[in-house]
Amino acid sequence: MPRADAADSWLRRPNRNPLFAGQPPLDRLRSSLVQDLYVVRQHLDTARGGGHA
């Protein structure tokens, strides 16, 4: 089961994944572009081993 504190921390920490270019994932989510919501969702689905809906 996911831990809320780990999820909150992941969103706020700088991330070396090329999708985030060293910035926290939350910065990408705040971009106001629907595409960025999709990209982050797809990244999370892949990381947990699931597909996207």
Side-chain angles (χ1 to χ4, degrees):
M1 178 172 203
R3 291 184 9 230
D5 61 332
D8 290 347
S9 175
W10 178 83
L11 279 171
R12 290 176 169 76
R13 282 192 324 261
N15 193 305
R16 292 185 303 200
N17 185 300
L19 289 174
F20 307 113
Q23 299 300 312
L26 190 58
D27 286 359
R28 184 146 191 186
L29 292 172
R30 288 180 174 162
S31 75
S32 300
L33 298 175
V34 173
Q35 176 185 355
D36 287 326
L37 297 174
Y38 175 78
V39 167
V40 173
R41 167 68 189 267
Q42 189 173 33
H43 171 75
L44 292 172
D45 284 347
T46 300
R48 70 176 173 81
H52 62 281

* Go through the structure and list residues passing side-chain hydrogen bond (donor to acceptor under 3.5 Å, both in side chains) with Asp5, not counting sequence neighbours. => Arg3
* For Pro14 against Gly22, the heavy-atom pair lying closest together ->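 That would be CB-O, 3.2 Å.
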* To do: Linking directly or through intermediates, with side-chain heavy atoms under 4.5 Å: list the remaining ILVMFWY members grouped with Leu33, chain and number order.
  => none
* Asked: Should side-chain heavy atoms under 4.5 Å link Ile, Leu, Val, Met, Phe, Trp and Tyr, which residues sit in the same cluster as Leu19?
  ->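 Taking Ile, Leu, Val, Met, Phe, Trp and Tyr as members, Leu19 shares its hydrophobic cluster with Trp10, Leu11, Phe20, Leu26, Leu29, Leu37, Val39, Val40, Leu44.
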* Hey, could you give me each pair passing side chain to side chain donor-acceptor pair (under 3.5 Å) that has a residue in residues 22-31? Not counting sequence neighbours. =>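 Found Arg28-Asp36, Ser31-Asp36.
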* Asked: Applying salt bridge (Lys or Arg N to Asp or Glu O under 4.0 Å), which residue pairs with at least one partner in residues 7-23 are found, sequence neighbours left out?
  ->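 Applying salt bridge (Lys or Arg N to Asp or Glu O under 4.0 Å) to every pair that reaches into residues 7-23, excluding sequence neighbours, yields nothing.
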